[in-house]
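Lettering of chains follows the sequences in order, A, B, ..., and the numbering in each one begins at 1. Here the structure is a predicted model, which is why all the values come from computation and not from measurement. These values consider heavy atoms only, across backbone and side chains, with no hydrogens, waters or symmetry-generated copies.
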Amino acid sequence: MSADAVRFSEERLAEIDALVKRYPGPQSALMPVLYMAQEDFGYISMEAQKMVAQVLGLRLMQVREVVTFYTMFREQPCGKYLLEVCTNAGCMLNGAYELADHMCNSLGIKMGETTRDGMFTIAEVECAGACGGAPVVQVNNIYHEKATPELMDALITQVRADGGAA
Amino acid sequence: MISSDPKQVKQICFDNIDVPGMHTLSVARKNGAYAFLPTVLKDFDSGKIIDEVKTSGLRGRGGAGFPTGLKWSFVPRNTGKPTYLLCNADEGEPGTFKDRDIMRFDPHLLIEGMIMAGFALDVQDAYIYIRGEFLHETNVMNAAIAEAYEANLLGDNILGSGYSMDLTVHRGAGAYICGEETALIESLEGKAGRPRFKPPFPAVEGFYGCPTVVNNVETLATVPAILEFGGQWHASIGVPNNAGCKVFSVSGHVNKPGNYEVPLGTSLKTLIEDYCGGLQHGTVPKVIIPGGSSTPWLTAEHYETPLTYDDLMKAGSFLGSGAIIVMDETADLVALTHRLAHFYAHESCGQCTPCREGTGWLERIMKRVEKGQGNAEDVTVLGEAATHMAGRTICALAEGAAAPVLSLLKYFPEDVQARLAEKS
C-alpha cells in the first residue's frame, strides 16, 4: 500500500471531528478512529498509525501503545474472511477444539494462518461472550452459534463457490 | 409488564426479552419503556432516587456485588467538575453472556436506566463501554440511541425537564482486563487498559480525573423497575441482603444452556434441573463454576446451595457475574485448567510482576501436566505460585487466574496424579 492510499476521506474526517466532540479529550477517540482505519484500509499499517496520530494530535507512541495492546487491532492484513473460533471454557466443553481442527483441515491451513488465495484466515480467540450458544465461531465479527463441522464446511464451500463475494 | 406484587415477579431485566421488535422504540413503548421516566424527571430528585436504590438492596450485577445506592452516594457534589456515568458492557468474563441479550433485545431498558442514573448523579455525558466483539449489539444500541435522541429522551432538555444528557457507545477491542472498572476508564481515555491503583476510587477521581460511576448493564437495567415500583418492592424479592432477581448465564454440560433470570435464593440444583434441562451426562455435576471462570469451583456437595452472594461465599466461592459453567463427569479438568491458565496469561496486562510472571508459570506448568510431562515438584510449585499471586497485585486478575488452579488441586488432586502417572 502506498503512503498516498493511507488517507482518510473527507467524510471520514468530518465523522472524526464529530466523534472527538463527544469526549472530554481527543485521545478518547483513538480506538474508534483505529477501527475506522482498519475498516477503510483492511489493517492498521505503520503509515496508518502515523496518520491517525496526526489527525488526533497524538504522539505516534500513544497510538502504538493502543494498537499493540488490543488484540482486535491488526497490524497485518488478514484473509477476506476472518474465522475466529472461541476455545475458552464453555466452547471447549462443547467440542470447540474438535471443531477448530476440522476447520483447519477443511481449509488446509494451520491455526493462525491464511489460505493462499487470501480468502480465509483462521484464529483461536478468547471467550466471545456467547457461551449459551457454544461452540461459537465469529465470521468477520458475525456470531455463528452452536457451530458444527457441517455448518462451517457449508459456509466455506459457499464462500468459495461465490468467489468470495462478500 | 412487571407485576408490582413481588411474589409474582420472576423477571426484571428479562421481563420483555422475548417480545419481538423490543429493540425498536415503538414496541418498547407499547411494553412500558419510558412510561415512568417523566414522573422521575418531574417528581424525583437526586436524594430520593439514591434513597430508593439504597432501600432496594440492589448490588452490582457485574461481579463485585457492591451496593449500587451506596456507590452512587460516594460521588462528591459541587466539585466544579463534571460527573460521568459509564456503563460497563465489556462482558468478557468467560461464561458470561447476559448483558449481550439485554443490549440486543431490550436496549431501551438500558438507556432508560442510564437516563435515571444520570439524572440522579447530575451527569451530562454518559458512555457505554461495550466489548469490541459485540458489533451487532453495538449497532442495535446505536440505533436505539438514535431513536431515543429523535424522541427527546436523550440530548438537550429531556422531555422538557431541563435535564440534558448525551449517551455514546464506545467499543473496546478485545482486552478482557478492560472489564475492570479502572482499566475501562483508562481504555475510554484512549490508552492501554491497565488498572489504576485505588484509592482514589473512580467515584472521586475517575474518567479524566472527574467523579465517575461505573455500573454494569444489568445493574442499570434494574433501575427503572426500582424507581417505578419502589425500593421496598425490590427489597422484598429474593432473600435478605440478596435482593432482587439475577440473570444467570448457564453454559457447559447442560441440556438447555442460556440466560435465566430468577430471584436470588433459587438453588443451583433448581436452576440446572428445572430451567436448564439437567446435565448432558449423569445426574450430579462434577464441577460448577458459579460466577465466571475467575471464581473458585464448587462440586457435587454444593449442588443445593442457594444462589445468593452470601451463600456462595460461605461455600467458598462468589456469585460474581452469575456465569455458571457446569461440568459433568466427562470433563477433563486438567485440560480445562490449562485452557483457563492460558487465558489469564494472555489477558494479564503485565504491569504487576506477580501476575505477569505468575500467570505464565501457571500456564507453562499446567501445559506440562496436561501433556503427562509433569512431576510431583510441578504440583508443589503450581500451588505455591497460585497462592503467592493473589492479593499482591493492583487488580483481581491474578486471583482469578489462581482460582481454577487452586480449585483443581483442592478438589481433584487424583485427576492431577493420574496425569502425572501417565508419564512415559
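- Contact of A:N88 with chain B is made through backbone and side chain together, with heavy-atom distances under 4.5 Å.
- Annotation: maximal heavy-atom pairing with chain A below 4.5 Å, among B:T168, B:V254, B:D101, occurs at B:T168.
- Highest contact tally toward chain A, considering only B:G92, B:G172, B:S293, B:S249, is held by B:G172 [criterion: heavy-atom pairs under 4.5 Å].
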Practice item. Go through the steps for A:R64 and A:E75 under the test side chain to side chain contact (heavy atoms under 4.5 Å, CB included), then give the verdict. Key: CA-CA 10 Å; A:R64 294 283 304 137; A:E75 291 193 78; 2.6 Å; yes

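- Surrounding CD of A:Q54 are at most 12 heavy atoms belonging to other residues, nucleotides or ligands under 6.0 Å away.
- Options B:H136, B:H346, B:K98 differ in how many heavy-atom pairs under 4.5 Å they form with chain A, and the most are formed by B:H346.
- Residue A:T87 touches chain B through both its backbone and its side chain, counting heavy-atom pairs closer than 4.5 Å.
- Ranked by heavy-atom pairs under 4.5 Å with chain A, the list B:G252, B:P257, B:G190 is led by B:G190.
- Proximity to chain B involves both the backbone and the side chain of A:A89, based on heavy atoms less than 4.5 angstrom apart.
- Looking only at heavy-atom pairs under 4.5 Å with chain A, the residue among B:I325, B:I289, B:L188 that has the most is B:L188.
- For chain B, no part of A:Q38 is nearby; none of its heavy atoms comes within less than 4.5 Å.
- With a threshold of 4.5 angstrom between heavy atoms, A:L30 approaches chain B through side-chain atoms but not through N, CA, C or O.
- The aromatic ring centres of B:F14 and B:F105 sit 6.0 Å or more apart.
- Between chain A and the residues B:G95, B:G193, B:S251, B:A331, the most heavy-atom pairs under 4.5 angstrom are made by B:G193.
- Only the side chain of A:Y97 comes within contact range of chain B, judged by heavy atoms closer than 4.5 Å.
- Inter-residue side-chain proximity for A:V139 and A:L82 is flagged as unmet; no heavy-atom pair is nearer than 4.5 Å.
- Counted within 6.0 Å of CG on A:D17, heavy atoms from surrounding residues, nucleotides or ligands total more than 12; the atom is thus considered enclosed.
- Using a 4.5 Å cut-off between non-hydrogen atoms, the part of residues 125-132 of chain A that approaches chain B consists of A:V125, A:E126, A:C127, A:A128, A:G129, A:A130, A:C131, A:G132.
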